[in-house]
Amino acid sequence: MSHPRRLLAVALVLLTLGVVGCSLPTEGPSSLATVQKVFVTDTQAVGVGEADALGDSVHDAAVRELVRRGYQATTTASEAQATLRSSWRVNKAVDGRVSLALSITLFDPSGRRLLSTDSGTALSANFWNDSTVRRAIEQVLARLPRPAPSPSAGK
């Protein structure tokens with residue numbers, strides 16, 4: 001293997017490890033493993049009409065997916081063991097086109113980040129709709145472990 005190819009292979013491996021590391025829990029699986037109740041905040045507005053119009057869809061899809069995965073979605077942050085925040089990553093091209101990616105972060109009550117991930121490559125803003133939001137949320141929240149059964153579940 002030539003020297004440039006070897007360098008390219010090493011760079012690709014390091015890049016892959018960096019991307020994987022960005023989507024893993026920062027506090028370790030044990031912190032996430034104790035979470036059963038999650039409060040979902042409203043999606044932060046970014047001033048892009050297409051993204052801001054989907055805020056309710058993001059919130060609703062996150063609540064539904066958390067419940068489907070076995071978590072309890074709470075109505076207040078004080079009841080929760082973690083808070084899920086969502087935001088849009090906005091890329092504006094020189095020609096005016098806007099691309100969006102959905103970012104999801106899960107925090108414990110003290111503000112420590114438990115999970116930080118996003119929907120991946122930014123897509124054209126006009127591509128996003130209720131269906132693509134739902135799929136992105138399902139994909140992102142699939143990285144969460146199943147919650148441990150509550151102590152009262154066996155009683």
Side-chain angles (χ1 to χ4, degrees), residues 15-93 95-155:
L15 180 63
T16 302
L17 290 174
V19 169
V20 169
C22 289
S23 65
L24 293 177
T26 57
E27 294 296 314
S30 61
S31 295
L32 279 175
T34 62
V35 173
Q36 297 171 346
K37 298 177 182 181
V38 179
F39 175 70
V40 179
T41 65
D42 291 332
T43 305
Q44 297 173 356
V46 292
V48 175
E50 295 90 344
D52 293 344
L54 290 168
D56 288 341
S57 293
V58 172
H59 182 275
D60 294 347
V63 168
R64 281 191 210 114
E65 185 61 15
L66 284 167
V67 169
R68 189 186 76 73
R69 294 189 55 74
Y71 291 87
Q72 179 183 347
T74 66
T75 56
T76 64
S78 61
E79 304 172 70
Q81 297 163 313
T83 299
L84 186 142
R85 296 181 194 155
S86 56
S87 61
W88 292 101
R89 189 179 74 229
V90 179
N91 296 326
K92 293 184 180 179
D95 64 3
R97 288 184 291 161
V98 176
S99 297
L100 304 166
L102 186 61
S103 295
I104 300 290
T105 308
L106 191 68
F107 294 94
D108 73 7
S110 69
R112 284 186 306 212
R113 191 180 334 195
L114 300 174
L115 176 79
S116 186
T117 187
D118 64 38
S119 61
T121 305
L123 303 172
S124 176
N126 61 2
F127 178 77
W128 286 94
N129 57 40
D130 292 339
S131 180
T132 53
V133 164
R134 188 183 72 252
R135 283 193 306 270
I137 293 290
E138 289 170 358
Q139 170 193 355
V140 166
L141 294 184
R143 294 179 173 107
L144 287 174
R146 294 285 180 183
S150 65
S152 62
K155 295 180 180 181

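From a predicted model like this one, the values you see are computed outputs, not experimental measurements.
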- Of all heavy-atom pairs linking A51 and V46, the shortest is CB-CG2, 3.9 Å

- Task: Please check if the side chain of R85 supplies one atom and the backbone of S103 the other of a donor-acceptor pair under 3.5 Å.
- Result: no

- Got a sec: does the CG of D52 have more than 12 other heavy atoms crowding it under 6.0 Å? yes

- Message: Can you give me the closest heavy-atom contact between T41 and S86, atom names plus distance?
- Response: OG1-N, 4.3 Å

- Query: What's the spacing between T43 OG1 and L102 CG if we round to 0.5 Å?
  - Reply: 6.5 Å

- Message: If you count every heavy atom of other residues, nucleotides or ligands that lies below 6.0 Å from R89 atom CZ, does the total exceed 12?
- Response: yes

- Message: Pair Q72, K37 - check side chain to side chain contact (heavy atoms under 4.5 Å, CB included), show working.
- Response: CA-CA 5 Å; Q72 179 183 347; K37 298 177 182 181; 3.5 Å; yes

- Message: So does V40 get a backbone contact from the side chain of H59, meaning a donor-acceptor N/O pair under 3.5 Å?
- Response: yes

- Task: Taking the side chain as every heavy atom from C-beta outward, state whether W88 and V48 have any pair of such atoms under 4.5 Å apart.
- Result: no

- Task: Answer yes or no: is there a side-chain heavy-atom contact under 4.5 Å between L123 and T132?
- Result: no

- For E79, does the CD atom sit with more than 12 other heavy atoms under 6.0 Å from it, leaving out its own atoms? yes

- Determine whether F107 and L114 make a side-chain contact, defined as any pair of heavy atoms from C-beta on separated by less than 4.5 Å. no

- Note on the structure: Correct closest heavy-atom pair for A122 and A101 would be CA-CB, 4.0 Å

- Evaluate the criterion salt bridge (Lys or Arg N to Asp or Glu O under 4.0 Å) for residue pair E138 and R135; output intermediate values, then yes/no. CA-CA 5 Å; E138 289 170 358; R135 283 193 306 270; over 6 Å; no

- Query: Should D60 and D130 count as side-chain neighbours, where that means a heavy-atom distance under 4.5 Å?
  - Reply: no

- Once you round to the nearest 0.5 Å, how far does CD1 of I104 lie from CD of E65? 11.0 Å

- Query: Taking L106 as the fixed residue, which of V38, L66, T117, L141 is the one that meets the side-chain contact (heavy atoms from CB on, under 4.5 Å) rule?
  - Reply: V38

- Query: Side chains of Q81 and T34: closer than 4.5 Å at any heavy-atom pair?
  - Reply: no

- Note on the structure: Closest non-hydrogen contact found for W128 with V133 is CE3-CG2, 3.9 Å

- Find the distance between CZ (R134) and OG (S57) and round it off to the nearest 0.5 Å. 10.0 Å

- Task: Provide the closest heavy-atom pair for S131 versus N129 in the form atom of the first, atom of the second, distance.
- Result: N-OD1, 2.9 Å

- Can you tell if the side chain of V90 reaches within under 4.5 Å of the side chain of L100, non-hydrogen atoms only? yes

- Task: Kindly give the heavy-atom pair with the smallest separation between P147 and G70, and that separation in Å.
- Result: CG-O, 3.2 Å

